[in-house]
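Structure first, commentary second.
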Amino acid sequence: MSLHEEFDPASHQHTRYNPLKGEWVLVSPHRIKRPWKGQVEKAQEEVIPERDPNNPLCPGSKRSNGQVNPEYTGAFVFDNDFPALLEEGPVPAKTDHPLLQIEPARGTCRVMCLHPRSDLVLPLMSSEDVRKIIDEWANQIAELGKRYMWVQVFENKGSVMGCSNPHPHCQVWASSFLPNEPKKSNEGQLEYFKNHGRVLLLDYLQLELDKKERLVVENEHWVVVVPFWALWPYETLLLPRRHVLRLPDLTTEERDSLADVMKRLLTKYDNLFECSFPYSMGWHGNRGVSMVTMPSLTWDQFCRGTDW
């Protein structure tokens with residue numbers, strides 16, 4: 001490689017700035033040319049029954065705490081039987097040392113079954129069913145947002161992503177504190193607005209629409225891109241075309257459109273890799289609505305749960 005060679009971002013190493021985190025990402029495209037002698041095999045699809053009476057997330061099944069699920073026909077939400085956050089608890093004593101800081105944390109964790117059938121994941125559901133899920137996400141955010149500083153909707157799909165049950169479900173966590181990831185994103189967007197007087201994600205979306213280099217799928221109200229600062233293989237960012245703060249603020253048309261674009265995006269993942277593709281996805285709101293999807297091909301690339 002010559003020092004006088006003209007730089008090509010598709011061939012030469014460089015770093016890219018993620019304004020939502022204030023971090024730099026190393027990009028080494030030349031490593032794609034390295035020889036590959038690792039194991040390659042076709043994914044073995046797990047056969048999941050439509051309904052398993054022994055699965056605690058199925059309609060009518062008994063959970064570990066003895067409660068019996070109703071015979072639900074749509075999305076079903078219940079308090080997590082093993083929550084990471086509780087609504088009440090002792091307040092820790094303050095410490096005097098700056099290296100031993102501690103603060104109280106309270107909140108609630110809920111599980112949301114996406115469909116009564118265990119063998120239906122989001123890309124296989126009807127648009128009407130996906131729309132009902134979006135409505136319930138919005139309901140949960142609106143309800144819990146009245147009591148808590150932050151509400152996080154996220155889904156880990158597939159055992160490789162740390163999902164402990166094959167029944168289609170996601171989680172809703174509400175907390176009395178702002179977690180690390182949205183805190184950094186909030187600070188980055190505020191800094192950009194102070195410096196430029198414009199909304200960061202709207203400016204970024206327009207850049208991607210103009211360049212048309214990283215567009216994955218789009219419709220009237222939504223655009224999916226591979227972010228310029230992507231860290232994970234096949235990472236995508238789903239953005240609304242207008243400035244929206246939270247999912248509950250979406251119009252009827254935008255919710256219908258969101259169901260459409262989500263199905264199309266997740267179907268592309270499945271078709272590309274010829275399997276029910278594992279991923280982690282989460283919604284970020286308040287300063288601007290966006291959904292980040294971080295799929296995984298191998299164990300060492302996965303992101304378990306939510307980075308708090």
Side-chain angles (χ1 to χ4, degrees), residues 43-64 67-84 109-141 151-173 224 234 236 238 247 255-256 258-283 291-296 302-306:
Q44 298 296 316
E45 288 291 330
E46 180 183 2
V47 178
I48 300 174
E50 180 176 328
R51 178 164 177 167
D52 179 359
N54 295 317
N55 188 321
L57 296 187
C58 283
S61 293
K62 181 183 291 187
R63 304 202 305 274
S64 59
Q67 295 187 14
V68 177
N69 298 331
E71 291 290 339
Y72 63 89
T73 58
F76 167 55
V77 182
F78 62 92
D79 290 336
N80 197 316
D81 298 328
F82 303 96
C109 299
R110 295 176 177 177
V111 175
M112 177 174 161
C113 296
L114 305 180
H115 198 279
R117 286 179 55 175
S118 293
D119 59 341
L120 282 187
V121 289
L122 278 170
L124 299 180
M125 295 180 194
S126 68
S127 295
E128 292 75 18
D129 284 337
V130 178
R131 167 59 196 273
K132 292 175 182 177
I133 292 168
I134 293 168
D135 287 340
E136 188 56 43
W137 283 345
N139 292 339
Q140 293 293 315
I141 291 172
V151 182
Q152 178 69 62
V153 174
F154 65 96
E155 179 194 7
N156 298 322
K157 179 193 171 194
S159 58
V160 72
M161 304 305 284
C163 181
S164 60
N165 192 306
H167 190 90
H169 69 284
C170 67
Q171 301 194 49
V172 183
W173 287 16
V224 180
Y234 303 97
T236 53
L238 170 57
L247 282 178
R255 295 186 187 198
D256 290 340
L258 178 55
D260 166 72
V261 80
M262 284 179 59
K263 270 183 58 67
R264 291 166 60 193
L265 170 63
L266 297 177
T267 299
K268 283 181 178 291
Y269 278 128
D270 286 0
N271 290 342
L272 177 62
F273 295 98
E274 300 180 344
C275 68
S276 184
F277 200 60
Y279 60 80
S280 283
M281 78 86 173
W283 281 101
M291 185 183 83
V292 181
T293 306
M294 295 175 288
S296 169
F302 82 92
C303 172
R304 186 188 298 273
T306 299

side-chain contact (heavy atoms from CB on, under 4.5 Å), that's the test. Do Val111 and Val77 meet it? Break it down for me. CA-CA 6 Å; Val111 175; Val77 182; over 6 Å; no
Nearest heavy-atom pair of Cys163 and His169: which atoms, and what distance? SG-CE1, 3.6 Å
Would you confirm whether the ring centroid of Tyr234 sits within less than 6.0 angstrom of the ring centroid of Phe277? no
How long is the gap from CG on Leu114 to CD on Glu136, to the nearest 0.5 Å? 10.5 Å
Under 3.5 Å, is there a donor-acceptor pair between the Arg110 and Gln140 side chains? yes
Nearest-0.5 Å distance that lies between atom CG in Leu272 and atom OG1 in Thr267: 12.0 Å
Lys268 with Glu274: basic N within carboxylate O range, under 4.0 Å: no
For Pro116, which residues count as a side chain to side chain contact (heavy atoms under 4.5 Å, CB included) partner, sequence neighbours excluded? Pro59, Tyr72
So Val172 and Val151, do their side chains get closer than 4.5 Å, heavy atoms only? yes
Hey, can you tell me if Tyr269 and Tyr279 have their rings parallel, tilted or perpendicular (30° and 60° cut-offs)? parallel
Heavy-atom closest pair (Cys109 atom, Ala84 atom, distance to 0.1 Å) is SG-N, 3.6 Å
Pro168 to Ser118 - nearest heavy-atom pair and separation: CD-O, 3.5 Å
Does the side chain of Glu50 come within less than 4.5 Å of Leu120's, by heavy atoms? no
Considering all heavy atoms, the nearest Ile134-Arg255 contact: CD1-O, 3.7 Å
Heavy-atom donor-acceptor pair, Ser280 side chain to Asn156 backbone, under 3.5 Å: no
One should read off an interatomic distance between Lys157 NZ and Met281 CE, to the nearest 0.5 angstrom, of 11.5 Å
For the residue pair Ser126 / Lys263, report whether a side-chain donor-acceptor contact shorter than 3.5 Å exists. no
Donor-acceptor under 3.5 Å (His167 side chain, His115 main chain): yes
May I ask you to test the Phe154-Cys170 pair for a side-chain heavy-atom distance under 4.5 Å? no
Asp119 versus Leu124, closest heavy-atom pair with distance: O-CD1, 4.1 Å
Counting C-beta onward and ignoring hydrogens, is there a side-chain heavy-atom pair between Leu238 and Trp283 closer than 4.5 Å? yes
Is there side-chain contact between Val224 and Met262, with heavy atoms separated by less than 4.5 Å? no
For atom NZ of Lys132, is the number of surrounding heavy atoms from other residues, nucleotides or ligands below 6.0 Å larger than 12? no
Check Leu122 against Val130 and note the closest heavy-atom contact, atom names and distance. O-CG2, 3.9 Å
Measure the spacing between CG of Asn271 and CG of Leu266 and express it to the nearest 0.5 Å. 11.0 Å
For the residue pair Arg63 and Asn69, confirm or rule out a side-chain donor-acceptor distance under 3.5 Å. yes
Main-chain N/O of Asn55 paired to Ser61 side chain as donor or acceptor, under 3.5 Å: yes
Do Arg51 and Arg117 make a side-chain contact, defined as non-hydrogen atoms from C-beta onward lying under 4.5 Å apart? no
Output for pair (Ile133 CD1, Arg131 CZ), nearest 0.5 Å, gives 12.0 Å
